[in-house]
Amino acid sequence: MSLDLTPAALEREAPRLMRARPLLTMNNISRSFGDVRALRDVDATVYPGEVMGIVGESGSGKSTLLRMMNLEDTPDTGDYRLRLPDREDGNLFDLTRYQRRMLCARHIGIVYQNPHLGLLMRQSSSGNVAERLLIAGERSFDVLRARAREALDASEFPLERMDARPIELSGGMQQRVQLAKAIALEPALLLLDEPTTGLDVSVQALVLDTLKRLQRDRKITMVLVSHDLGVIRTMADRVMVMRHGQVVEQGLADQIFQDPQHPYTQQLVHAKL
Amino acid sequence: MTTTPLLRVEGLTKTFRIYHLDSALHAFEDVSFDLHEGEFLLLRGHNGAGKSTLLRTIWRSYLPVGGHVWYRSGHGEIDLANAADVDISLLRREEIGFVTQFLNARPRVAAQDIVAEPLRLAGIAQDEALDQARHWLDQFGVRPELWRAYPSTFSGGEQQKVNLARALILPQRLLLLDEPTASLDAGAREALVRRLSDLKAHGVAIIGVFHHPGDVAALIDREINLNTKVVADQLTKEEDHVAL
Ligand SMILES: Nc1ncnc2c1ncn2[C@@H]1O[C@H](COP(=O)(O)OP(=O)(O)O)[C@@H](O)[C@H]1O
Ligand SMILES: Nc1ncnc2c1ncn2[C@@H]1O[C@H](COP(=O)(O)OP(=O)(O)O)[C@@H](O)[C@H]1O
Ligand SMILES: [Mg+2]
Ligand SMILES: [Mg+2]
């Protein structure tokens with residue numbers, strides 16, 4: 001008897017019900033900065049259409065992991081795969097800098113806590129969004145403007161201000177411009193690194209609300225990093241809990257909050273209650 | 001009954017480990033029962049007996065520490081006690097419903113859209129889905145002027161009606177109910193019992209905890225008492241039921 005080890009056969013054998021395969025798979029990611037072990041043997045899996053929340057105290061490695069997902073950094077070990085319609089499977093860390101840039105521009109959107117990382121502060125908001133479309137090859141002024149407008153509208157940015165420069169806008173509005181830029185090309189993956197941290201509580205609620213609507217209407221796959229359990233609770237379908245560069249627990253969001261298994265997660269959840 | 005059960009719970013055990021107290025809390029131990037399509041199982045037991053915990057363990061917001069929950073899903077048989085999270089998510093979307101006393105209200109979503117959503121996800125057109133949603137809101141006694149409003153501002157009873165309309169609009173294969181009548185008026189309770197009776201006739205299996213089990217007396221096939229873990233068949237143990 002010969003063993004059939006083709007991917008199709010393996011998938012049939014997998015002890016899972018679900019046909020859908022992960023959009024994102026990361027295996028054994030480790031990264032050190034000098035003596036600091038920012039990530040230690042981290043695995044991550046994200047399925048299409050879900051919101052994966054990553055929570056953990058400051059310095060636990062959340063942003064480092066998200067930067068890996070955005071191909072801004074390369075780990076010491078580990079591999080990263082995305083299942084995209086027009087690409088072959090392969091470790092994305094093997095791509096050249098140029099290939100990474102093209103892949104990210106086309107398929108991955110990111111919103112940073114700090115808008116200076118995501119935006120050109122002295123260029124118009126619409127221009128910031130259009131720049132993303134330019135990278136992807138769009139050249140017609142009318143199309144650029146229409147699509148920037150649409151993305152800003154979907155991000156619930158007030159369109160009468162679309163030509164204002166981010167530097168003239170409030171923190172909440174800057175995040176909406178980042179969001180518009182991130183979703184302009186309908187990315188397969190939207191990465192959010194503390195997108196509402198530092199905003200007033202009421203503004204934070206409005207921005208989260210926009211994210212929820214986008215998620216519901218467009219089924220965008222999201223990875224949301226936050227040190228704030230409340231933010232994770234309102235947004236995430238599944239949760240990874242990080243500490244000292246390691247994943248200490250992951251599970252369905254309701255399980256993590258109602259029946260946390262790891263002492264550290266219990267401590268986090270109880271501190272919040 | 002000779003058919004394969006829809007659900008076979010075997011030796012299910014749930015203990016909460018509470019680290020900061022360095023203690024363990026045994027919610028229930030070694031619970032076993034079968035549930036077939038179209039059967040209604042009532043959970044009984046005093047406060048703290050573990051009724052809600054059992055429902056949440058089957059739903060998998062709680063993780064069991066032992067035992068199995070064999071479930072015959074439309075995609076094949078699976079042990080809910082050990083299934084991957086992604087499969088649990090899928091089954092929650094497609095086959096298993098859970099109604100608690102708490103509404104999962106979402107910002108800026110109208111009551112009728114909350115109720116219609118399961119139909120939309122199942123591919124039913126917007127107009128048809130909204131028609132049905134309004135029908136069920138009406139059945140449960142939610143006033144028409146509230147249909148387009150956001151339930152986050154509703155009274156507890158109104159929220160619960162929205163909750164029920166949403167949870168029961170599509171027949172699931174397995175329905176878990178944790179005191180769904182707690183904040184309902186008589187009219188809504190009757191509507192609920194009528195709907196449950198319909199769903200049961202369509203083969204939906206139901207496990208429920210009821211504050212007033214008398215409301216659903218006509219639907220109960222079997223019951224399990226979590227104080228004693230005795231499983232009783234309703235038809236043969238009528239007198240036990242009365243005695244409890
Ligand atoms: N580029 C870098 N150079 C040196 N140390 C870094 C760098 N990036 C992150 N670190 C360190 O790695 C650890 C994890 O950081 P980070 O991923 O930003 O945590 P988090 O986002 O969870 O707060 C921290 O100790 C941080 O100081
Ligand atoms: N998330 C939890 N963490 C710790 N203990 C819990 C949790 N949920 C329930 N319990 C405990 O489990 C026991 C059973 O509770 P529960 O299932 O709510 O009882 P019932 O619904 O029968 O009144 C109680 O002692 C309760 O305090
Ligand atoms: Mg960070
Ligand atoms: Mg209870």
Side-chain angles (χ1 to χ4, degrees), chain A residues 12 14-23 25 45-52 156 202 204-217 219 233-240 248-271 273, chain B residues 14-25 27 52-53 55-65 71-96 98 100 102 104-109 113-114 116-117 120-121 126 150 152:
Chain A
R12 269 199 309 279
R16 294 221 157 153
L17 291 178
M18 189 148 164
R19 307 276 182 276
R21 284 189 278 164
L23 169 69
T25 315
T45 308
V46 181
Y47 286 86
E50 74 176 351
V51 179
M52 172 61 94
E156 301 181 290
S202 58
Q204 164 166 331
L206 291 173
V207 173
L208 290 177
D209 219 54
T210 300
L211 286 171
K212 268 216 137 347
R213 277 164 75 101
L214 273 175
Q215 216 281 325
R216 193 183 70 225
D217 298 345
K219 305 279 176 289
R233 183 176 220 146
T234 40
M235 293 293 303
D237 299 312
R238 288 197 301 135
V239 176
M240 284 166 63
V248 297
E249 177 170 2
Q250 67 172 299
L252 293 165
D254 54 332
Q255 181 255 300
I256 295 288
F257 286 101
Q258 294 176 31
D259 189 17
Q261 303 292 301
H262 191 277
Y264 178 67
T265 317
Q266 288 193 1
Q267 189 193 318
L268 273 185
V269 170
H270 291 146
L273 292 177
Chain B
K14 176 58 187 167
T15 300
F16 295 100
R17 186 97 177 71
I18 303 164
Y19 286 96
H20 74 110
L21 300 176
D22 194 22
S23 70
L25 195 152
S52 300
T53 301
L55 290 176
R56 289 176 181 202
T57 305
I58 295 170
W59 177 246
R60 260 283 293 274
S61 42
Y62 289 173
L63 288 173
V65 297
Y71 171 69
R72 193 155 47 77
S73 86
H75 302 270
E77 176 155 272
I78 188 164
D79 181 2
L80 300 179
N82 297 301
D85 293 334
V86 59
D87 284 338
I88 298 291
S89 298
L90 172 81
L91 294 175
R92 286 178 178 184
R93 270 199 311 278
E94 294 187 352
E95 302 190 7
I96 304 179
F98 187 24
T100 65
F102 310 103
N104 202 332
R106 277 159 311 158
R108 289 188 298 152
V109 185
D113 293 316
I114 291 182
E117 191 178 54
R120 297 287 292 127
L121 290 175
Q126 174 78 351
Y150 305 144
S152 37

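Residue numbers begin at 1 in each chain, while the letters A, B, ... track the order of the sequences.
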Residue list, side chain to side chain contact (heavy atoms under 4.5 Å, CB included) with A:Glu156, at least two apart or on another chain: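 With neighbours one apart ignored, the set is A:Arg176, A:Thr210, A:Arg213, B:Arg108.
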Could you list the residues that satisfy side chain to side chain contact (heavy atoms under 4.5 Å, CB included) with A:Ser202, not counting sequence neighbours?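 Per chain and number, A:Ser202 pairs via side chain to side chain contact (heavy atoms under 4.5 Å, CB included) with A:Asp200.
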SB check B:Arg60 A:Asp254 (cutoff 4.0 Å):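 Result for this pair is no, no salt bridge flagged.
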Interchain contact, B:Arg92 with chain A, by part (heavy-atom threshold 4.5 Å):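 Only the side chain of B:Arg92 comes within 4.5 Å of chain A.
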Toward chain A, the part of B:Phe16 with a non-hydrogen atom under 4.5 Å: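 For B:Phe16, the contact with chain A is made by the side chain alone.
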With rounding to the nearest 0.5 Å, note down the distance linking OH in A:Tyr47 to CG in B:Leu90.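 Output value for this atom pair is 11.0 Å.
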Atom pair CD1/CZ of B:Ile88 and A:Arg238 - distance to nearest 0.5 Å: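 If I round to the nearest 0.5 Å, the distance is 12.0 Å.
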Would you say the side chain of A:Gln267 lies within less than 4.5 Å of the side chain of B:His20, judging by non-hydrogen atoms?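 No; the side chains remain at least 4.5 Å from each other.
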Is any side-chain heavy atom of B:Glu117 closer than 4.5 Å to a side-chain heavy atom of A:Arg216?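 B:Glu117 reaches A:Arg216 side chain to side chain.
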Pair B:Tyr62-A:Gln255, side chain to side chain contact (heavy atoms under 4.5 Å, CB included): steps then yes or no: CA-CA 6 Å; B:Tyr62 289 173; A:Gln255 181 255 300; over 6 Å; no
For chain B, which of A:Gln261, A:His262, A:Gln250 has the most heavy-atom pairs under 4.5 Å?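 Most pairs with chain B among the choices: A:Gln261.
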Do the side chain of A:Glu50 and the main chain of B:Ser89 share a donor and acceptor less than 3.5 angstrom apart?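 No.
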Report which part of A:Gln258 has an atom under 4.5 Å of a heavy atom belonging to chain B: side chain, backbone, both, or neither.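 Its backbone and side chain both get close to chain B.
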Could you walk me through whether A:Asp259 and B:Ser61 pass the side chain to side chain contact (heavy atoms under 4.5 Å, CB included) check? CA-CA 7 Å; A:Asp259 189 17; B:Ser61 42; over 6 Å; no
